[in-house]
Structures are given as structure tokens and as C-alpha cells.
Amino acid sequence: SRDGTLPIEVAAAMGHKEVVLRLYEMGCSVGAAAHFALTESQITTMQLLLDPPSKGGKIGAPAGTRVKGLSVLEHACLLGNVQAALWLIGLEGTMPDRRLTPEVCKQHELAEGATLAHLLAKLGGRRAKLLKLLFKYAAARRRAASNPCTLSAVLAAPPGDSEQPR
């Protein structure tokens with residue numbers, strides 16, 4: 001298109017999974033298609049784009065790719081999309097604890113080197129639930145490093161359940 005939007009990005013924003021997959025199979029670059037899908041709440045299309053082949057996915061676009069300074073997870077959190085953020089936190093390569101870009105820090109009046117947790121704390125409101133999920137994720141990663149339990153099992157525990165899975 002004239003504005004530089006790729007056909008796969010338009011298809012993703014509209015939730016046309018079959019078109020997204022066909023364009024990818026034809027060699028179309030994924031670009032920011034996952035971000036476009038997320039912006040329009042096309043969560044299953046976003047999952048199609050990001051789900052790695054090792055887990056049965058067909059495309060496996062890198063989840064950590066940033067568009068306008070934001071990864072897909074950071075974008076989901078800014079939108080307050082809990083469903084997408086939950087799925088993304090458990091996805092390999094999302095890196096919820098990496099530093100935000102200087103441009104995002106400046107835009108949201110955060111100190112350089114701030115993380116997604118800092119941004120969520122500043123935004124508050126409905127994003128408080130996402131901040132709790134991020135802390136749960138960080139605690140699960142620490143436990144997983146010293147315990148054979150899996151990160152996905154800890155993340156799957158009901159909120160408020162502080163007991164580790166067995």
C-alpha cells in the first residue's frame with residue numbers, strides 16, 4: 001500500500017488467518033503483522049503468527065521483535081489486553097523483563113532503563129492485573145531455575161494460589 005503497510009499486516013488486522021498463512025507461504029515478510037492483529041483484537045491471528053513450529057505453529061515469527069519501540073507483549077500490556085498478555089508471557093522469546101527502548105521510556109516519562117513492570121506500575125488501573133502476572137512470571141522463573149517444576153505449570157496455577165505445583 002501507499003503507506004507501507006504490507007498485505008499480510010492488513011490480513012492480520014482483519015483476522016483473515018487463511019490469507020495470512022497463504023501470504024506467508026508465498027514468501028511475504030511477516031513485518032508487524034502480529035502487532036496489527038493485536039491492535040484489532042485478532043488474538044487467534046496473532047497466535048498463528050507467533051506460535052513456534054516446535055509447539056505446532058506454522059509461522060513462528062519472533063515474539064521479541066519491536067515495532068515503534070514495542071514488543072508484542074509490551075503492546076498488549078499498553079492496550080490492556082489481558083488475554084493476549086497471558087498467552088504472550090508464556091511464549092518463548094517474549095522477554096517480559098527486558099528494558100524498554102529509550103523512545104518508549106521518554107514517551108511515557110520513565111527513566112531510561114525502565115522495564116515493562118515500571119510502565120505497568122505507572123499506568124496503573126486495569127493494568128495492575130498485568131503487573132501481578134509479570135511478578136508471578138518472574139517468581140516462577142526463579143523457582144524453575146532451582147526446581148524441576150515447569151514455568152508453564154506455575155503460570156497455569158489459579159491466581160492467589162501460592163503453592164508450587166508438584
Side-chain angles (χ1 to χ4, degrees), residues 1-110 114-134 136-137 140 151-152 155-156 158-159:
S1 80
R2 290 186 181 143
D3 66 357
T5 306
L6 300 172
I8 197 168
E9 294 169 339
V10 174
M14 297 177 78
H16 296 301
K17 294 185 289 190
E18 299 81 16
V19 175
V20 167
L21 190 54
R22 183 68 182 127
L23 287 168
Y24 176 76
E25 289 168 348
M26 292 172 61
C28 186
S29 170
V30 173
H35 287 74
F36 276 77
L38 177 61
T39 299
E40 297 301 324
S41 296
Q42 300 293 341
I43 306 306
T44 57
T45 304
M46 178 201 70
Q47 291 170 330
L48 168 74
L49 288 156
L50 298 175
D51 213 11
S54 63
K55 294 190 176 185
K58 296 181 180 174
I59 298 177
T65 300
R66 286 182 160 155
V67 174
K68 295 185 180 177
L70 295 170
S71 69
V72 182
L73 174 60
E74 294 158 355
H75 188 59
C77 288
L78 273 177
L79 293 173
N81 191 321
V82 176
Q83 178 190 2
L86 269 172
W87 186 81
L88 288 162
I89 285 172
L91 188 67
E92 285 179 35
T94 48
M95 299 175 278
D97 50 354
R98 80 172 169 178
R99 293 175 184 205
L100 297 171
T101 62
E103 66 182 297
V104 171
C105 290
K106 184 177 180 180
Q107 181 181 3
H108 293 280
E109 299 175 350
L110 293 166
T115 65
L116 182 55
H118 294 104
L119 178 59
L120 291 173
K122 179 170 183 173
L123 294 172
R126 65 184 175 173
R127 290 168 188 88
K129 183 176 182 179
L130 293 170
L131 184 58
K132 288 179 185 175
L133 289 171
L134 238 85
K136 184 177 178 182
Y137 170 84
L151 179 59
S152 59
L155 290 173

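No experiment lies behind these values; they were computed from the predicted model shown.
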Next item on the list: Could you walk me through whether D51 and W87 pass side-chain contact (heavy atoms from CB on, under 4.5 Å), step by step?
Entry: CA-CA 10 Å; D51 213 11; W87 186 81; 3.8 Å; yes

Spatial distance of atom [atom1] ([X]) from atom [atom2] ([Y]) [nearest 0.5 Å]:
X: L21; Y: M26; atom1: CG; atom2: CE; answer: 12.0 Å
X: E9; Y: T39; atom1: CD; atom2: OG1; answer: 10.5 Å
X: L131; Y: K136; atom1: CG; atom2: NZ; answer: 14.0 Å
X: H75; Y: L38; atom1: NE2; atom2: CG; answer: 4.5 Å
X: L48; Y: Q42; atom1: CG; atom2: CD; answer: 11.5 Å
X: C28; Y: R22; atom1: SG; atom2: CZ; answer: 12.0 Å

Checklist line | Full working for side-chain contact (heavy atoms from CB on, under 4.5 Å) between L130 and N81 | finding: CA-CA 9 Å; L130 293 170; N81 191 321; over 6 Å; no

Flag the pair [X] / [Y] as yes when at least one side-chain heavy-atom distance between them is below 4.5 Å, and no otherwise.
X: M14; Y: V10; value: yes
X: L50; Y: I59; value: no
X: C77; Y: L73; value: yes
X: L91; Y: K55; value: no
X: L100; Y: T115; value: no
X: T101; Y: R66; value: yes
X: L119; Y: E74; value: no
X: I8; Y: V19; value: no

Next item on the list: Would you indicate whether R98, at its atom CZ, is surrounded by more than 12 heavy atoms from other residues, nucleotides or ligands within a distance under 6.0 Å?
Entry: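 Check passes, neighbour count above 12.
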
Over all atoms of both residues, closest heavy-atom pair of [X] and [Y]:
X: S71; Y: G64; result: CB-O, 4.1 Å
X: T45; Y: G15; result: OG1-CA, 3.4 Å
X: A85; Y: A76; result: N-CB, 4.1 Å
X: M46; Y: A84; result: CE-CB, 4.0 Å
X: L49; Y: A34; result: CD1-N, 3.5 Å

Next item on the list: Could you please spell out the steps behind the salt bridge (charged side-chain N to carboxylate O under 4.0 Å, His left out) verdict for K122 and E109?
Entry: CA-CA 9 Å; K122 179 170 183 173; E109 299 175 350; 3.7 Å; yes

Note to self: With side-chain contact (heavy atoms from CB on, under 4.5 Å) as the criterion, how do I89 and L133 come out once you've worked through the C-alpha distance, each side chain's angles and the decisive distance to 0.1 Å?
What the structure shows: CA-CA 8 Å; I89 285 172; L133 289 171; 4.1 Å; yes

Check: Of the options L123, L120, V104, which is the one that meets L78 in a side-chain contact (heavy atoms from CB on, under 4.5 Å)?
Finding: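 When side-chain contact (heavy atoms from CB on, under 4.5 Å) is applied between L78 and each of L123, L120, V104, only L123 qualifies.
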
Notebook entry, point to check: Does E25 come within less than 4.0 Å of K58, counting only side-chain N to carboxylate O?
Noted result: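 So E25 does not pair with K58 through a salt bridge.
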
Next item on the list: Let me see the working for T44 and Q47 under side-chain contact (heavy atoms from CB on, under 4.5 Å), right down to the final yes or no.
Entry: CA-CA 5 Å; T44 57; Q47 291 170 330; 4.0 Å; yes

